Amino acid sequence: MKKFMKGLLATTMVFAMMTSLVGCGGGSEEPAATDEPAAETLIMATNAAFPPYEFYEGDAIVGIDAEVGKAIADKLGMGFTIEDMEFDAIIPAVTSGKASFGMAGMTVTEERLNSVDFSTSYAKGVQVVIVAEGSAITTVDDLFADGASHVIGVQTGTTGDLYSTWDLEEAGLATVERFNKGADAVLALTQGKVDCVVIDNEPAKEFVAANEGLVILDTEYAVEDYAICFAKDSELTAQVNSALEELIADGTVQAIIDKYISAE
Ligand code: ARG
């Protein structure tokens, strides 16, 4: 399987290079006739437990990233499939060539830039803190207070995990409990097993709406940019990025966001 995908990617890259050469030269040469399917398929790696960016509706993965990803593939005349995996498997899937790109409400960070390239950002995210109503934690600063010792729930490998670990756990101010899904961290909060959950604002709103007795603190933990990640120096980056930029410029991305996120 892995081998097959690599072969596919290599073929694809040669094809992409040929296409761009033909494009640049305005040349008269027809591409050689072939029995291969005309278009390559973009494989988007995601973690479909992150509404409204990616989540299941029945058997289908829907959401902002799913629709923007499909719109990019359509614009490029390519096929499109989504591979659902754990969040922390996305970057390895991309760097190993198993996926064409990763799109998962993924924040651009310095750390991640060491292993992947990112597209232009298509959305903002905010790390927020969810607590039980009446919690002693009323602001983000409470997490940083001298002598604090909270149990913080996060989704493994997310920026909520990284920041809580670096800022709080390593400073001896908290213990971080890591869950495969944000929803599992929120469940633990409803059961009193963690004191708060650090997670992105839009999924936070959905999880709070789906559970009694939870609130999102007014203060923000961090403001971030979401972008698509690619293997470093991938041939695909420029193509996908310019398609994305066109979809941002012509309002398609905003229309998709508005479909999933109602303005308050
Ligand atoms: N924005 C955060 C990050 O990049 C969380 C993203 C989680 N996405 C998901 N599909 N589960 O780490």
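Atoms within each ligand, like the ligands themselves, are counted from 1 in listed order. Since we're looking at a predicted model, the values are computed, not measured.
In this structure, a donor-acceptor pair under 3.5 Å is absent between the side chains of E220 and N201. With hydrogens and angles left out, the side-chain atoms of T107 and R112 include no donor and acceptor closer than 3.5 Å. Inspection of the E202 and Y260 side chains reveals no N or O donor paired with an N or O acceptor under 3.5 Å.
In K232, the NZ atom is crowded: over 12 heavy atoms of neighbouring residues, nucleotides or ligands sit closer than 6.0 Å. Remark: D218 CG is loosely packed, at most 12 non-hydrogen atoms of other residues, nucleotides or ligands lying under 6.0 Å away.
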Inset, instruction - Begin from the C-alpha positions of M103 and T46 and carry the test side chain to side chain contact (heavy atoms under 4.5 Å, CB included) through to its verdict. - result: CA-CA 6 Å; M103 193 170 188; T46 199; 5.6 Å; no

Legend entry - Residue pair E54, N47: steps toward the side-chain hydrogen bond (donor to acceptor under 3.5 Å, both in side chains) verdict: CA-CA 7 Å; E54 43 268 335; N47 169 250; over 6 Å; no

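The distance from ligand 1 to the heavy atoms of T158 drops below 4.0 Å at these ligand atoms: 5 (C), 7 (C), 12 (O). Numbered from 1 in the order shown, with element, the atoms of ligand 1 that lie under 4.0 Å from a heavy atom of Q155 read 7 (C), 11 (N). Under a 4.0 Å criterion applied to the non-hydrogen atoms of Y226, ligand 1 contributes the atoms 1 (N).
Looking from atom 11 (N) of ligand 1 to the surrounding protein, the closest heavy atom is N47 OD1, 2.7 Å. Here the heavy atom of the protein found nearest to atom 6 (C) of ligand 1 is G105 O, 3.3 Å. For atom 8 (N) of ligand 1, the nearest protein heavy atom (residue, atom name, distance) is A104 O, 2.7 Å. For atom 5 (C) of ligand 1, the closest non-hydrogen atom of the protein is D200 OD1, 3.2 Å. The protein atom (non-hydrogen) at minimum distance from atom 9 (C) of ligand 1 is F50 CG, 3.3 Å.
Checking only distances, E54 does come within under 3.5 Å of ligand 1, N or O to N or O.
The heavy-atom pair separating V94 from A231 by the smallest distance is CG1-N, 3.2 Å.
Using a 4.0 Å cutoff on heavy atoms, E224 counts as a contact of ligand 1. The shortest heavy-atom distance from Y53 to ligand 1 is not under 4.0 Å.
Aromatic pair Y226/Y53: ring centres closer than 6.0 Å.
In R112, the part holding a heavy atom less than 4.0 Å from any atom of ligand 1 is the side chain.
For atom 12 (O) of ligand 1, the candidate residues are D88, V108, T159; the nearest heavy-atom contact is made by T159.
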